[in-house]
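In what follows, a structure is listed as structure tokens, so that the remarks can point back to it.
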Amino acid sequence: MEGSSSHPYVPRDLKLEDYVPLVLPMSTIVGIYGVASLLVVSIVWIFSGRSKKITRIDRWLMCWWAFTGLTHMILEGYFVFSPEFYKDKTVNYLAEVWKEYSKGDSRYAARASDIVAVEGLTAVLEGPACLLAIYAIATRKSYSYILQFAISLGQLYGTFVYFITSLLEGDNFATSPFYYYAYYVGANFSWLVIPTLIAIRCWKKICAAVVVDAQKKKTR
């Protein structure tokens, strides 16, 4: 059995004094997150459908911003402001999440400065901005596209920094190939693909609006 100071993470000589082993199984941790995410997406989808002015694409975008915004603020926010989560003895779900995720990237348990910095900016700035994006889409605000474009660039920047710093440091922070691909790669893949697609869409929308505005000025 693991002692209070032993842990399952890599590198094995990583010092985590008073580490408390996981209590919840992986299936429970992932299951709760999945159900909660589905609930959030479902609620946003249902309520956004009440307005005929909101297109199907915008409804999906609102669901994405709700999911990613709450993930940034709640999950990542907890990590940033709970530096000793690995010592938690109360079976706090959020602490259990990060104890589990650290199997895929032990830099979280080790509180690597680059990880804390990226997650801190993400939780404090991008999280609320995501929720603002929902409001902007729903109320058809003029800043909707530029806001979504800015958030997407921020998410892409943070994700690239996350992967690049790992590569520069040897890319050896996962307990096993399973956790490497399930958590380190799989859990972060959507924050590369979806923000890229949103950024491209917003770029096209903004450029089209500028062209229309320029044509109107010519006809005056």
Side-chain angles (χ1 to χ4, degrees), residues 2-34 36-37 67-88 91-127 130 152-196:
E2 294 176 347
S4 60
S5 297
S6 63
H7 57 75
Y9 310 125
V10 174
R12 296 302 303 154
D13 60 356
L14 174 64
K15 293 183 179 181
L16 294 177
E17 294 296 330
D18 301 320
Y19 167 77
V20 177
L22 273 158
V23 175
L24 298 178
M26 175 187 178
S27 58
T28 299
I29 294 173
V30 175
I32 292 175
Y33 180 67
S37 299
F67 160 73
T68 191
L70 293 177
T71 295
H72 291 332
M73 293 174 67
I74 298 174
L75 280 185
E76 294 167 85
Y78 176 84
F79 164 76
V80 172
F81 297 106
S82 302
E84 297 185 337
F85 67 86
Y86 58 86
K87 297 182 181 181
D88 183 81
V91 197
N92 180 317
Y93 173 73
L94 296 177
E96 294 285 286
V97 167
W98 290 112
K99 288 181 187 180
E100 176 68 20
Y101 184 81
S102 293
K103 293 178 182 178
D105 189 345
S106 63
R107 292 180 298 169
Y108 281 82
R111 302 290 295 179
S113 58
D114 50 349
I115 294 297
V116 176
V118 169
E119 293 288 17
L121 291 173
T122 300
V124 175
L125 298 179
E126 292 180 18
C130 290
S152 296
L153 289 186
Q155 290 179 327
L156 286 170
Y157 178 80
T159 306
F160 277 119
V161 168
Y162 175 66
F163 284 125
I164 291 172
T165 52
S166 177
L167 290 172
L168 292 175
E169 294 173 16
D171 195 22
N172 184 33
F173 301 100
T175 304
S176 70
F178 170 77
Y179 291 111
Y180 179 86
Y181 289 105
Y183 294 159
Y184 176 73
V185 176
N188 294 285
F189 187 69
S190 60
W191 272 277
L192 282 178
V193 176
I194 298 179
T196 297

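The first residue in the sequence is number 1, and the count goes up from there.
In terms of heavy atoms, H72 sits closest to A123 at O-CB, 3.4 Å. Residues F85 and A109 come closest through the heavy atom pair CZ-CA, 3.7 Å. The heavy-atom pair separating G69 from C130 by the smallest distance is CA-CB, 3.5 Å.
To the nearest 0.5 Å, the span separating CG on D171 from CD1 on I164 amounts to 12.0 Å. Note that OH of Y9 is 10.0 Å distant from OH of Y179, once rounded to the nearest 0.5 Å. Rounding to the nearest 0.5 Å places OG of S82 at 8.5 Å from CG of D88. Summarising the geometry, atom OH belonging to Y33 is positioned 6.0 Å from atom CG belonging to L75; distances are rounded to the nearest 0.5 Å. One distance of note links CG of N188 with CZ of F160; it measures 12.0 Å at 0.5 Å rounding.
Counting only heavy atoms from C-beta outward, the side chains of D18 and E84 never approach each other to under 4.5 Å. Put simply, the side chain of Y93 reaches to within 4.5 Å of the side chain of I29, judged on heavy atoms. Annotation: side chain of W191 is in contact with side chain of T68 (closest heavy-atom distance under 4.5 Å).
With hydrogens and angles disregarded, no donor-acceptor distance shorter than 3.5 Å links the side chain of Q155 to the backbone of P195. Under the 3.5 Å distance criterion, the side-chain polar atoms of H7 are matched with a main-chain donor or acceptor of L14. Within the 3.5 Å criterion, the main-chain N or O of S102 finds no donor-acceptor partner in the side chain of R107.
Not counting sequence neighbours, the partners of E100 by the salt bridge (Lys or Arg N to Asp or Glu O under 4.0 Å) test are K103. With sequence neighbours excluded, no residue satisfies side-chain hydrogen bond (donor to acceptor under 3.5 Å, both in side chains) with W98. Residues that satisfy the side chain to side chain contact (heavy atoms under 4.5 Å, CB included) test with V30, not counting sequence neighbours, are M26, Y183. Partners of E119 by salt bridge (Lys or Arg N to Asp or Glu O under 4.0 Å), not counting sequence neighbours: none found. Residues passing the side-chain hydrogen bond (donor to acceptor under 3.5 Å, both in side chains) test with Y157, sequence neighbours excluded: none. Looking at residues two or more places apart in sequence or on another chain, you find a side chain to side chain contact (heavy atoms under 4.5 Å, CB included) between L125 and L121. Remark: Y162 pairs with Y184 by the ring pair (Phe, Tyr, Trp, His ring centres under 6.0 Å) rule, at least two apart or across chains. In this view, E169 satisfies the salt bridge (Lys or Arg N to Asp or Glu O under 4.0 Å) rule with no residue, not counting sequence neighbours. V10 pairs by the side chain to side chain contact (heavy atoms under 4.5 Å, CB included) definition with N172, not counting sequence neighbours. Every residue meeting the side chain to side chain contact (heavy atoms under 4.5 Å, CB included) condition with I74, not counting sequence neighbours, appears here in chain and number order: L70, L94. S106 meets the side-chain hydrogen bond (donor to acceptor under 3.5 Å, both in side chains) test with no other residue; sequence neighbours excluded.
With a 6.0 Å radius and a threshold of 12 heavy atoms from other residues, nucleotides or ligands, F163 has its CZ atom above the threshold.
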Give every donor-acceptor pair under 3.5 Å between a side-chain atom in residues 110-118 and any protein atom, sequence neighbours left out.
| unit_1 | atom_1 | unit_2 | atom_2 | d |
| --- | --- | --- | --- | --- |
| R111 | NH1 | F79 | O | 2.5 |
| R111 | NH2 | V80 | O | 3.1 |
| D114 | OD2 | T165 | OG1 | 3.4 |

